[in-house]
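Down below is the structure, laid out as structure tokens.
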Amino acid sequence: MPSHTVDAIVLGAGIVGVSAALALQARGRTVALVDRLPEAAGETSFGNSGIVQSEGVLPYLFPRALSEIARAAVNRDPRAHIRHGALPSIAPAIWRYFQASTQARKEATGKVMAPLLSAAAGEHLKLAQDAGASALLRSGGWIKAYRSARGQDLAHAEAEELKRFGVEPIFLDRAGLAALEPHVGEKAIGGVHYAEPLSTPDPAKLTQSYAALFVKRGGRLERGDAVSLEPSGAGWMVTTDSGRLAARDVVIALGPWSDELARRFGLRLPFFVKRGYHMHYEAKGNAGLTRPVLDLERGYLITPMARGLRLTTGAEFARRDDPPSSAHLDRLEPFARELFPIGARKDAAPWMGRRPCLPDMRPIIGPFPGSPGLWLDCGHHHLGLTLGPITGRLLAELISGEAPFVDPAPFKAERFAA
């Protein structure tokens, strides 16, 4: 028998789960947010680039040119790092990612993602205002800086693609880049400024402020393990530290652990992770940055954070639970020292997170096939911080029987049934 009953349980207290809980709560539902850690943002949402990417409609594709694949395979491309011992395990998922990385499928994903991305910043601003955390969202956008003529061609080609989705890039020569960020080194010869996105100096604190708002509004934040989930009568039940908790509806928002729970209930998804690392650095002298800046050709990003200048790596392809390694960060740090005024490391070891990915780089938002009352809100890949509040809204509309503000069909789990 349950100790407590609520209308809905959300499993996972990262930005995606917290946002879904708030959206359900806003529709009059009693909601419990359950996580195995004692506070929100303890896993993937703790560390990221801190950008709410209103321009990020187009997915990152797996390279298709043989020369690029060969460079990546031997870790000569600094934008990614491969743990070769993991390849036998992750190869099937990577193959599906490769198959989905076509121009046609990129365009299709861009079209269905654009409405979510265009509404993402507004949803964040509303939550931050209600949470008293508006100071944790800053304007000014971010910059993709390049080092060479080839990099300029890549940056400009991407910018021209994005114009078709209503994005308004600003092209910067060296003087324009220096005017916005005077401490970026001269090896960066220009860049593209995306002025509309927001950024945060503390992604974990932002998510925790949203979780505090959820509790302030009467929500239950419980410690428990999602693997205890089981059917119970006309609903579901999960075990928490305060007892067994029952609800009619349960949302799986476990990030890179979502597919593990999905398999327990008969759904196999082509999940894989792109692992990433971050490290904070002291700024040299009075130097610094005012917004995130990407070194486009090396694939890492530097963001001014409350703790210092944060270097966030690109993708490490490995098994989800492989031990962390500093190899990727160590490869990138010399490049970062060429462009940015970073000094000594401030963290004892690199932080590692796991980006939950699906081959088409779209999240799954909607009902769990064949299991009434069970819902999925997962697979947000590089855009968890960006999409959390807006996909929480979409999911809450579906659960509540409202007309969804966008067509949910492209985000159904059933798209992987074939």
Side-chain angles (χ1 to χ4, degrees), residues 1-37 40-41 45 123 126-127 130-131 207 210-255 257-258 261-262 264-265 267 363-380 387-405 408 411-413:
M1 293 292 292
S3 303
H4 307 283
T5 300
V6 291
D7 294 329
I9 298 169
V10 178
L11 301 175
I15 183 63
V16 172
V18 170
S19 300
L22 278 164
L24 286 165
Q25 190 181 58
R27 286 158 177 80
R29 301 294 187 96
T30 57
V31 185
L33 185 60
V34 177
D35 198 277
R36 64 185 178 184
L37 298 178
S45 296
E123 210 69 27
K126 286 187 287 186
L127 285 181
D130 290 347
T207 300
Y210 293 172
L213 174 64
F214 167 73
V215 173
K216 182 180 178 181
R217 289 176 169 175
R220 301 175 64 99
L221 183 55
E222 301 276 359
R223 190 170 181 179
D225 197 330
V227 299
S228 67
L229 180 69
E230 59 182 334
S232 176
W236 300 86
M237 188 179 298
V238 66
T239 301
T240 73
D241 287 357
S242 61
R244 291 166 70 79
L245 189 62
R248 186 184 68 183
D249 294 303
V250 171
V251 178
I252 298 175
L254 295 168
W257 292 274
S258 298
L261 189 57
R264 291 187 64 239
F265 295 99
L267 179 63
I364 295 176
I365 312 296
F368 193 109
S371 295
L374 196 58
W375 302 82
L376 292 160
D377 189 1
C378 54
H380 291 64
L387 293 175
I390 197 63
T391 58
R393 172 185 164 184
L394 176 58
L395 185 72
E397 289 171 345
L398 293 173
I399 293 174
S400 301
E402 300 174 26
F405 81 101
F411 308 108
K412 288 183 176 181

Looking at every non-hydrogen atom in both residues, tell me the closest pair between [X] and [Y] and how far apart they are.
X    : Y    : value
L245 : A32  : CD2-CB, 3.3 Å
L261 : A226 : CD1-O, 3.7 Å
G14  : T207 : C-CG2, 3.9 Å
A211 : A40  : CB-CB, 3.7 Å

Are the side chain of [X] and the backbone of [Y] linked by a donor-acceptor contact shorter than 3.5 Å?
X    : Y    : answer
R27  : A23  : yes
S45  : I15  : yes
Q25  : F214 : yes
S258 : A253 : no

Per side chain to side chain contact (heavy atoms under 4.5 Å, CB included), V10 is matched among D35, L22, V18, L33 by L33
Report the residue from L394, L395, I252 that forms a side chain to side chain contact (heavy atoms under 4.5 Å, CB included) with D377.
-> L395
Can you tell me how far CD of E123 sits from OG1 of T391, rounded to the nearest 0.5 angstrom?
-> 9.5 Å
Enter the distance from I365:CD1 to E397:CD here, rounded to the nearest 0.5 Å.
-> 11.5 Å
Quick one: which residue pairs count as a side chain to side chain donor-acceptor pair (under 3.5 Å) with a foot in residues 226-238, not counting sequence neighbours?
-> E230-R244
Contact check, side chains of [X] and [Y], non-hydrogen atoms, under 4.5 Å:
X    : Y    : answer
L24  : D249 : no
L229 : F265 : yes
F368 : V250 : no
E222 : V238 : no
H4   : T240 : no

Step through the shown structure and confirm whether more than 12 heavy atoms of other residues, nucleotides or ligands are within 6.0 Å of CZ on R248.
-> no
Output all residues satisfying side-chain contact (heavy atoms from CB on, under 4.5 Å) with A131, sequence neighbours left out; order by chain, then residue number.
-> A133, S209, Y210, L213
Given side-chain contact (heavy atoms from CB on, under 4.5 Å), test I9 with R220 step by step and report yes or no.
-> CA-CA 9 Å; I9 298 169; R220 301 175 64 99; over 6 Å; no
Using the test salt bridge (charged side-chain N to carboxylate O under 4.0 Å, His left out), find all partners of R223 that sit at least two apart in sequence or belong to another chain.
-> none
